[in-house]
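Worksheet for the structure shown next.
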Amino acid sequence: MTAAYALRLEGIARRFGATRVLNGVDLAVAAGERHALIGPNGAGKSTLFNVIGGTFRPDVGRIWLDEEEVTGHSPHRLARAGLGRSFQTTRVFARQTVFENVRCALWCGEVAVHTQAGKSAPLSNWMRWWRRSPEIDERVWQVLSDLALERVAQTPAGALEYGAQRRLDLGIAWASGARTLLLDEPTAGMNRDEAAHVIAWLQGVSAGKTVLVIEHDMDAVYALADRVSVLVQGRIVATGTPDEIRADARVREAYLGVQHAKERP
Ligand SMILES: Nc1ncnc2c1ncn2[C@@H]1O[C@H](COP(=O)(O)OP(=O)(O)OP(=O)(O)O)[C@@H](O)[C@H]1O
Ligand SMILES: [Mg+2]
């Protein structure tokens with residue numbers, strides 16, 4: 001049976017010292033939905049991802065993944081339960097090549113999926129498969145080709161230029177096989193063409209997955225999202241379809257007015 005909600009948050013609050021960053025966030029993301037989280041700088045969007053992803057515990061509130069409560073679970077445990085994420089700043093194995101980074105993510109994803117399905121094989125079997133599988137190499141090349149990373153396949157990930165590093169980060173998040181993906185500003189720092197390419201890729205590969213994406217670029221939000229939630233000062237002030245959000249006066253005042261000053265190059 002598929003869970004109705006891939007992700008559900010209730011009353012999430014978090015403070016740092018005296019600063020309240022999240023003030024009672026309620027959010028429900030349906031299974032298979034692409035949901036964008038927008039809001040001004042400092043609204044608490046990345047902090048919310050850190051809470052969902054288990055980096056920070058919420059002070060108050062509860063979290064469910066696929067209808068199972070996961071409040072306070074570690075990032076590892078959440079990853080095993082099917083949650084994947086990309087970060088606002090890229091995290092890769094810097095000395096490994098681009099190819100090895102994606103291959104590693106695909107392999108870990110396969111192991112996680114089979115372990116969940118109860119088909120646990122001895123680690124030595126997995127290691128043999130890891131070393132020899134041409135099938136996995138083929139899938140790596142597909143990811144690299146989709147994200148325009150083929151030419152830099154043998155480059156150490158740490159030596160990539162910024163846009164390519166961001167694309168690799170996304171490729172890794174996707175390749176890990178997670179059913180629910182948290183993507184923090186996947187197109188940040190990309191020019192218009194690069195961003196459009198990445199959004200088109202996401203539209204294709206996110207079919208059947210649930211995506212919660214933080215995105216400042218409204219073109220990307222409108223292209224990708226089924227629904228949008230607006231976070232302002234640690235609270236969701238509106239949730240709706242992209243058209244409803246575009247028409248919402250409170251949202252325009254709180255957010256879109258600010259955004260117009262930040263056009264892409
Ligand atoms: N670990 C931390 N310790 C203290 N304060 C923090 C910490 N993490 C975030 N904050 C504070 O929480 C507030 C919200 O930050 P957050 O990064 O979540 O905002 P954001 O909505 O992601 O902004 P942006 O759009 O600029 O990425 C900021 O004032 C930030 O300084
Ligand atoms: Mg952020």
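Whatever order the structure lists them in is the order used to number ligands and atoms, beginning at 1.
- Salt-bridge check for D137 with R103: passed, with a basic side-chain N closer than 4.0 Å to an acidic carboxylate O.
- Evaluation of the side-chain contact (heavy atoms from CB on, under 4.5 Å) rule for E150 yields W141, L144, S145 as partners, not counting sequence neighbours.
- Taking 4.5 Å as the limit, some side-chain heavy atom of V51 sits within range of a side-chain heavy atom of L22.
- E194 has a carboxylate O that lies under 4.0 Å from a charged side-chain N of R167, or vice versa, which qualifies the two as a salt bridge.
- Salt-bridge annotation for R192 and D219: present, with a side-chain N of the basic residue lying under 4.0 Å from a carboxylate O of the acidic one.
- The atoms of ligand 1 that sit less than 4.0 Å from any heavy atom of E185 are 25 (O), 27 (O).
- Applying the 4.0 Å criterion to heavy atoms of F56 picks out, from ligand 1, the atoms 1 (N).
- When the heavy atoms of R15, K45, R20 are ranked by distance to atom 25 (O) of ligand 1, first place goes to K45.
- When only interatomic distances are considered, the shortest N/O to N/O separation between F16 and ligand 1 does not fall below 3.5 Å.
- Judged as a side-chain contact (heavy atoms from CB on, under 4.5 Å), and not counting sequence neighbours, the contacts of V21 are F16, T19, T47.
- Looking at N41 against ligand 1, both its backbone and its side chain come within 4.0 Å, counting heavy atoms.
- In summary, S46 places an N/O/S atom under 2.8 Å from the Mg ion (ligand 2), meeting the contact criterion.
- Taking the charged nitrogens against the carboxylate oxygens, D66 and R179 do have a contact shorter than 4.0 Å, which makes a salt bridge.
- The distance from ligand 1 to the heavy atoms of H216 drops below 4.0 Å at these ligand atoms: 25 (O).
- Short contacts between ligand 1 and S46, defined as distances under 4.0 Å to a heavy atom of the residue, involve ligand atoms 17 (O), 18 (O), 20 (P), 22 (O).
- Residue G39 places no N or O, backbone or side chain, under 3.5 Å from any N or O of ligand 1.
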